[in-house]
Amino acid sequence: MMCPKVLLPRWWRGATILLAMIVPSIILFYAKSQSARCGFVMVVMAVMWVTEVIPLPVTALIPVFAFPLMGVLSTDIVSRLYLKDSNMMFLGGLIMAAAVENCNFHERVALFVILHVGQSPRLLALGFMIVTSFLSMWISNTATAAMIVPIVDAVVKELTKLREMDVIKANEDSHHVGFTNHAEETGHIAKNRYLRRGPDGTYIDMHVIKEETSEESEIGQVEVLEATAARTRKEDARTEAERRKLEAVKMECLSLKQMLFLSVAFSANTGGTGSPLGCGPNIVLMGLLDSFDNSMGLNFATWMMFNVPGVIMCALLGWLWLQILFMCCGKNRVQRSTPEKEHALRKFIEGHYRALGPVSRKEAVVVTSFLILVMLWVFRDPGFIPGWATYYTTPGDSVYVKAATPVMLMVFLLFCIPAESKPAPGAKQVERCMNWEAVHKKVPWGIVILLGGGLVLAEGAKHSGLSIYFSQQLTRLKDLPKEALVVLVCLMAGGMTEFASNTATASILLPMLANLALAIQVHPLYLLIPATACCAYAFMLPVATPGNAIVLSASGMRTSVMIRAGIVMNIVCIIVTVFLINTLGYAIFDLNTIPTFSNSTTL
């Protein structure tokens, strides 16, 4: 009989799937309502999302067959929810990100920033955090980490080589001095051994006159042996010292490598909160509010007004924490760089930057299209001035221009605009700024399905009455101060996202929090925005986000190092989020005024 520990890795997935379907079925025995059936599906999906017994996008497809068979939602309604406006906007953003990566613009930005920020360890970490945070605002944190990690790896290898070369050069100089001293010492011994001073004061060659006694010969041999032994001990001590010095440099370089890679992981997660396009939880929130008359003022412009300061604050505090952890604490602290090392590293980076060549037409078109897209998003309906989208909608008209429209327009143009002003001679077809092969290869289609599954769950809970049930149960928290409640919500979201996908966490948590806010008469955004941000604050474990896993794999660091650095970063980001929602949040979203639809029982 095989040991259960041996069977566990083989059978645990199948057992978890069975238990995930059998145990929640108790709900169906005690309550046979439509809301109970929706709750059953929600619990099954939540368990499978947390344990990842099957791929996350596959779990997100369960409502396509479960909701119609259980009488929660019809098939056509479920299917349409998978490609709502928010999901189409996210898909368009993924294609734009693939276009940026396809033309290597991300590498040009990274090298340019590093060249101008500085090449010391402190400034390198800051430079990588600036680049990663900016890119992560518009590109998924997974794609951003995958783009930046190879650049960091190349810089770390060059830094390690420069520092080891300094040690080797110092050792060679030491050996050269030792060899000179050894030659002088050997000559002196040889002189004592073969020459003697005569009565007249001159030296006599004892080998020539053959008059050396056996006693004198023995004395000479003892002198040689003692000198040789002393020289051997000196060389052994020098070799051991050199070995220890080289080992110390290697350990210091390891700490430097961990610091730079963690700077990428931290900024990839925090940067994703900067725009609605940055990460999955943002899209879940936008899709949740998109189902209703959004009179709360949350749009692309106000989102960035609130979250970009948070990105900057979290990035700076994270950078300071990494300096404290790796440059001020521990025996393998990262040492300050010298001007010579910085100059050598700068030459290395300049060589890579020159290798990119001048900005190509394709890069220029992609970047220009991306900047135009951002302006179209921000000024579509900014709130403080009439947006351009209002000119396409007449009063009483049911046609609205939403965020998916401008991004798909730009994607379409990239597939139409030629990459070169003059086609290459003999070319069968004109190359465009974007091609479908790059889209097929670089776009993570599973994320789109995963987001759709979360939107379907929210709609099913609303339609079945499960949201009403949650609202009634959550009224017990109405006596809790809302400031304490938002801290509790942030801790819950930050803790859940360490063990489950941030998108899955948001899909489960946000609908509940929306109904909690309505039940206790608190502005929904007061809980939803901090929870959404904290769903992205996953810094401790590699399973929390694919970006963390990429960094851990590329750096080779132990999980304990990531946990030690990430737990403080989690706390710092939660404090920043709570501070901002209680200060800047009131100024931007007027959180003292409850939206008009709050009289409804559910969002």
Side-chain angles (χ1 to χ4, degrees), residues 16 19-21 23-24 27 35-64 66-67 72-73 78 81-82 84 86-87 279-291 446-447 449-471 473-474 477 485 488-519 524 527-538 541 543-545 602-603:
T16 304
L19 290 174
M21 292 187 292
V23 175
I27 300 173
S35 61
R37 295 193 293 271
C38 178
F40 167 77
V41 176
M42 184 177 291
V43 172
V44 171
M45 291 179 65
V47 172
M48 292 187 177
W49 267 338
V50 171
T51 58
E52 296 190 37
V53 288
I54 57 177
L56 297 177
V58 177
T59 302
L61 290 172
I62 289 177
V64 177
F67 275 179
V72 178
L73 288 174
V78 170
L81 290 172
Y82 278 90
K84 289 183 63 175
S86 56
N87 255 11
C279 61
N282 305 355
I283 303 299
V284 173
L285 177 58
M286 298 296 284
L288 179 66
L289 298 179
D290 195 41
S291 302
I447 296 180
I449 300 175
L450 180 59
L451 291 171
L455 297 177
V456 174
L457 278 183
E459 182 65 23
K462 175 188 173 184
H463 188 269
S464 66
L466 184 62
S467 296
I468 299 176
Y469 174 78
F470 281 143
S471 300
Q473 300 302 314
L474 293 173
L477 298 174
L485 182 60
L488 182 63
V489 165
C490 289
L491 291 173
M492 185 190 313
M496 289 177 61
T497 195
E498 292 292 346
F499 303 96
S501 160
N502 52 17
T503 304
T505 300
S507 299
I508 297 168
L509 192 60
L510 294 186
M512 297 182 184
L513 293 178
N515 291 288
L516 169 61
L518 294 177
L527 299 181
L528 291 176
I529 291 181
T532 302
C534 290
C535 283
Y537 295 153
L541 296 173
V543 298
T545 64
T602 176
L603 247 187

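The chain is numbered in sequence order, starting from 1. All values below were derived from every heavy atom in this structure, side-chain atoms included, with hydrogens, water molecules and symmetry-related copies excluded.
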Does a sphere of radius 6.0 Å around CZ in F499 hold more than 12 heavy atoms from other residues, nucleotides or ligands, not counting ones at 6.0 Å or beyond?
no
Does the side chain of L516 reach to within under 4.5 Å of the side chain of L527, using non-hydrogen atoms?
yes
Kindly compute the distance separating CZ (F67) from CE (M42), expressed to the nearest 0.5 Å.
6.5 Å
Could you grab the distance from atom CG of L288 to atom CG of L513, nearest 0.5 Å is fine?
10.0 Å
Where do T505 and M496 come nearest, in terms of heavy atoms and distance?
CG2-CB, 3.7 Å
Show the nearest heavy-atom pair for residues A20 and V47, with the distance to one decimal.
CB-CG1, 3.8 Å
Would you say that P524 contacts L518 through its side chain, given a criterion of any heavy-atom pair below 4.5 Å between the two side chains?
yes
How would you list, by chain and number, every residue that makes a side-chain hydrogen bond (donor to acceptor under 3.5 Å, both in side chains) with T545, sequence neighbours excluded?
N548
To the nearest 0.5 Å, how far apart are CE in M48 and CD1 in I62?
5.0 Å
With a 3.5 Å distance limit and no angle check, can you tell me whether S464 reaches the backbone of G460 through a side-chain donor-acceptor pair?
yes
Quick check against the 3.5 Å criterion: does K84 have a side-chain atom that pairs as donor or acceptor with the backbone of G287?
yes
If you measure from CG on L457 to CE on M45, what distance do you get to the nearest 0.5 Å?
4.0 Å
Over all atoms of both residues, closest heavy-atom pair of E498 and Y537
OE2-O, 3.7 Å
Side chains of L56 and W49, heavy atoms from C-beta outward: is any pair under 4.5 Å?
yes
Closest non-hydrogen contact found for V456 with P63 is CG1-CB, 3.4 Å
Looking at L510 and A531, what are the two nearest heavy atoms and their distance?
CD2-CB, 3.9 Å
Output, in order, the C-alpha distance, side-chain angles, deciding distance and verdict of side-chain contact (heavy atoms from CB on, under 4.5 Å) for V284 and C535.
CA-CA 11 Å; V284 173; C535 283; over 6 Å; no
Report the distance from atom CD1 of I529 to atom SG of C534, rounding to the nearest 0.5 Å.
12.0 Å
Grab the two heavy atoms, one from S86 and one from L455, that are nearest each other, plus how far apart they are.
OG-CD1, 3.8 Å
For the pair N87 (side chain) and Y82 (backbone), establish whether a donor and an acceptor sit closer than 3.5 Å, ignoring hydrogens and angles.
yes
I283 vs I447, side-chain contact (heavy atoms from CB on, under 4.5 Å): CA-CA, chis, key distance, verdict:
CA-CA 11 Å; I283 303 299; I447 296 180; over 6 Å; no
So, using side-chain hydrogen bond (donor to acceptor under 3.5 Å, both in side chains) as the criterion, who are the partners of S35 when residues are at least two apart?
S33
dist C490:SG -> L485:CG (nearest 0.5 Å) comes out at 9.5 Å
Heavy-atom side-chain contact between P511 and L466 under 4.5 Å:
no
